[in-house]
Amino acid sequence: MDQAAFVKSNSVQRAPVILPVAVTVTALVILAILPIYYPLRRYPSQAVVKIAASPPYHSAQKLIKAVEDEEKCDIFTGEWIPNPNAPYYTNATCWAIHEHQNCMKYGRPDDGFMKWKWKPEGCDLPIFNPYQFLDIVRGKSMAFVGDSIGRNHMQSLICLLSRVEFPIDDSATDDDYFRRWKYPSYNFTLAAFWSPFLVKFQKPGAADLFDLYLDESDEKWSTDIEGFDYVILNAGQWYFRPSMYYEKRRLVGCRFCQLGNIIDLPMTYGYRRALRTAFRAINSLKNYRGITFLRTYAPSHFENGEWNKGGNCLRKRPFWSNETALEANNLEVYLTQMEEFRAAEREGKKKGLRYRLLDVTQAMLLRPDGHPSRYGHWPHENVTLYNDCVHWCLPGPIDSWSDFLLHMLKMEGRRSHEEKLQPQTQ
């Protein structure tokens with residue numbers, strides 16, 4: 001098999017490559033059956049658990065240092081290498097793992113998928129240090145906005161931070177899709193905003209079609225993030241669902257609606273406009289001074305069938321980068337993200353706003369071994385769930401997203417200073 005070349009452009013980082021796996025449009029319809037955005041189980045608000053013992057990667061050093069080599073490193077291009085020290089938490093030590101991603105509890109027989117770390121080309125990416133992270137975000141706030149993969153990420157972060165402290169529930173609502181968590185010792189707040197499309201939507205009726213208002217942001221998040229220091233945005237999986245597209249409150253087309261009198265538009269039509277609307281909403285906030293991260297698309301890995309026809313993800317090791325090629329829908333989604341991100345970044349700079357790309361696509365397309373598959377419930381349970389090759393086991397590969405995030409936060413001071421010295425383009 002030929003190795004596909006990485007996609008390049010003047011404004012886009014190297015695009016990842018992925019092997020043609022059975023990740024079809026219909027494969028992602030699993031998200032219509034398997035709940036995409038699981039509520040995080042509540043933890044008693046009065047309980048603050050501290051772990052005195054430091055993790056093996058922490059050693060005695062608690063200073064935050066920016067190494068010269070790290071500043072020059074493209075951390076998003078590389079390979080997975082063995083890490084016998086992992087994992088750094090378990091389902092017995094962290095309550096934040098949702099049942100459907102609790103792979104070890106439900107009998108996954110292998111544990112090798114937890115014992116890898118991401119190695120960028122030509123440099124090293126340190127394993128997540130919870131002490132450094134909490135020192136950096138002391139007195140600040142971070143919001144996760146998007147679908148259940150973003151919640152999967154936040155759960156991973158909570159578990160990684162549990163070596164230092166567990167948060168308390170500081171939510172102002174009983175809605176489990178909109179939670180806030182406080183780390184009292186650091187005055188640090190985590191928040192989750194469920195918005196699977198990022199734009200305003202109405203749930204399906206009898207026709208099982210979502211109504212998406214592509215030019216109207218979802219106010220459940222867009223009116224509530226102005227005071228946050230960091231906003232991590234993600235979306236994508238839900239745009240493979242059958243939907244009706246509206247602009248200026250007029251029906252302009254659909255995706256998979258199978259209605260003869262309505263034009264069927266590409267998935268990226270709605271996705272591109274939704275990203276544009278979300279970024280416009282952020283750039284229009286009067287008092288927002290935070291850093292906006294776009295977390296890029298993490299492909300699913302169905303093989304030997306579609307999601308509802310026996311498709312599964314049973315591999316026991318990561319792909320090497322020369323075994324893969326990004327193509328078709330995955331490539332289109334990724335490039336759409338990159339193009340809209342760069343456009344928003346240019347507009348944001350005019351207002352002094354900062355945008356950062358949390359580009360996990362290359363790393364995650366290499367991890368077909370990291371999904372729950374059937375290990376999200378007991379075999380004897382009478383539940384209607386298909387093999388989950390969309391979400392990620394905890395502990396598992398998604399823990400590396402916090403490695404990326406911490407590195408970016410460590411580099412942020414110098415990068416922000418350099419950007420202020422650059423002349424703004426109109």
Side-chain angles (χ1 to χ4, degrees), residues 13-14 16 51-90 93-94 112-138 140 142 152-165 183 186 188 190 229-230 232 291 293 295-296 298 318 321 356-364 366-367 370 392 394-418:
Q13 295 177 349
R14 289 202 287 178
I51 309 290
S54 61
Y57 52 86
H58 174 62
S59 70
Q61 182 181 1
K62 295 185 181 180
L63 297 178
I64 300 170
K65 295 183 178 180
V67 181
E68 186 69 23
D69 287 344
E70 290 179 342
E71 297 177 8
K72 300 176 182 178
C73 177
D74 175 10
I75 61 172
F76 301 118
T77 302
E79 303 278 1
W80 291 93
I81 63 173
N83 178 22
N85 292 325
Y88 299 102
Y89 63 90
T90 71
T93 65
C94 183
F113 69 95
M114 297 185 289
K115 297 183 178 297
W116 296 85
K117 64 170 287 187
W118 182 249
K119 175 65 170 66
E121 289 183 3
C123 56
D124 190 34
L125 178 66
I127 292 293
F128 181 81
N129 185 321
Y131 295 90
Q132 283 192 343
F133 182 90
L134 287 169
D135 282 340
I136 290 174
V137 299
R138 186 186 296 273
K140 297 183 179 180
M142 178 178 290
N152 207 172
H153 181 193
M154 190 183 80
Q155 292 172 339
S156 166
L157 178 59
I158 290 175
C159 288
L160 290 167
L161 293 176
S162 69
R163 284 288 199 151
V164 182
E165 183 172 299
Y183 288 82
Y186 294 85
F188 171 56
L190 277 176
D229 298 287
Y230 310 103
I232 301 177
I291 302 173
F293 294 84
R295 197 267 298 154
T296 62
S321 60
R356 304 292 182 250
L357 194 68
L358 184 54
D359 192 350
V360 304
T361 306
Q362 162 72 4
M364 301 315 285
L366 300 180
R367 295 308 306 268
W392 303 93
L394 294 179
I398 197 172
D399 293 330
S400 66
W401 296 7
S402 293
D403 299 349
F404 294 139
L405 181 59
L406 176 56
H407 172 89
M408 297 175 76
L409 294 178
K410 288 163 65 177
M411 299 298 107
E412 187 57 40
R414 175 169 295 206
R415 179 172 178 181
S416 296
H417 176 70
E418 291 174 349

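For reference, positions follow the sequence shown, starting with 1.
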How far does [atom1] of [X] sit from [atom2] of [Y], to the nearest 0.5 angstrom?
{"X": "Y89", "Y": "C159", "atom1": "OH", "atom2": "SG", "result": "5.0 Å"}
{"X": "D359", "Y": "I75", "atom1": "CG", "atom2": "CD1", "result": "9.0 Å"}
{"X": "T296", "Y": "M364", "atom1": "OG1", "atom2": "CE", "result": "10.0 Å"}
{"X": "K140", "Y": "L190", "atom1": "NZ", "atom2": "CG", "result": "14.0 Å"}
{"X": "L161", "Y": "L134", "atom1": "CG", "atom2": "CG", "result": "5.0 Å"}
{"X": "Q362", "Y": "E121", "atom1": "CD", "atom2": "CD", "result": "8.0 Å"}

Subject >> For N152, all residues meeting side chain to side chain donor-acceptor pair (under 3.5 Å), sequence neighbours excluded >> reply: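 Not a single residue meets the side chain to side chain donor-acceptor pair (under 3.5 Å) criterion with N152.
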Original post:
Would L405 and M142 satisfy side-chain contact (heavy atoms from CB on, under 4.5 Å), going step by step from the backbone distance to the final call?
Top reply: CA-CA 12 Å; L405 181 59; M142 178 178 290; 4.1 Å; yes
Donor-acceptor contact present, side-chain [X] to main-chain [Y], <3.5 Å:
{"X": "W401", "Y": "P397", "value": "no"}
{"X": "R163", "Y": "Y88", "value": "yes"}
{"X": "T90", "Y": "T93", "value": "yes"}
{"X": "D403", "Y": "I127", "value": "no"}
{"X": "E79", "Y": "S321", "value": "yes"}

Given side chains that start at C-beta, do those of [X] and [Y] come closer than 4.5 Å, heavy atoms only?
{"X": "F113", "Y": "P87", "result": "no"}
{"X": "V360", "Y": "W118", "result": "no"}
{"X": "I136", "Y": "K410", "result": "yes"}
{"X": "I158", "Y": "Y183", "result": "yes"}
{"X": "F128", "Y": "D399", "result": "no"}
{"X": "L160", "Y": "P130", "result": "no"}

Original post:
What are the two closest non-hydrogen atoms of S402 and L157, and how far apart are they?
Top reply: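 That closest heavy-atom pairing would be OG-CD1, 3.6 Å.
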**OP:** Over all heavy atoms of both residues, which pair between W116 and P82 is shortest? Give the atoms and the distance, please.
**Re:**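 Here W116 and P82 meet closest at CE3-N, 3.6 Å.
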Subject >> Steps toward side-chain contact (heavy atoms from CB on, under 4.5 Å) verdict (F133, F188) >> reply: CA-CA 11 Å; F133 182 90; F188 171 56; 3.9 Å; yes
Original post:
Who are the ring pair (Phe, Tyr, Trp, His ring centres under 6.0 Å) partners of Y186, not counting sequence neighbours?
Top reply: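 Y186 satisfies ring pair (Phe, Tyr, Trp, His ring centres under 6.0 Å) with no residue once adjacent residues are dropped.
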**OP:** Look at the aromatic rings of Y230 and F293 and report parallel, tilted or perpendicular, splitting at 30° and 60°.
**Re:**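 Tilted: the ring planes of Y230 and F293 meet at 30° to 60°.
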Subject >> Working for side-chain contact (heavy atoms from CB on, under 4.5 Å), residues L409 and I291 >> reply: CA-CA 10 Å; L409 294 178; I291 302 173; 5.6 Å; no
**OP:** Decide whether a cation-pi geometry holds between R367 and W80; the criteria are a distance under 6.0 Å from NZ or CZ to the six-membered ring centre and an angle within 45° of the ring axis.
**Re:**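 Checked: cation-pi criterion met.
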Subject >> side chain to side chain contact (heavy atoms under 4.5 Å, CB included) partner of N83, the single match among K119, K115, K117 >> reply: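 Passing option: K117.
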**OP:** Start with the C-alpha distance between H153 and I398, add both sets of side-chain angles, then the distance that settles side-chain contact (heavy atoms from CB on, under 4.5 Å), and finish with yes or no.
**Re:** CA-CA 7 Å; H153 181 193; I398 197 172; 4.2 Å; yes
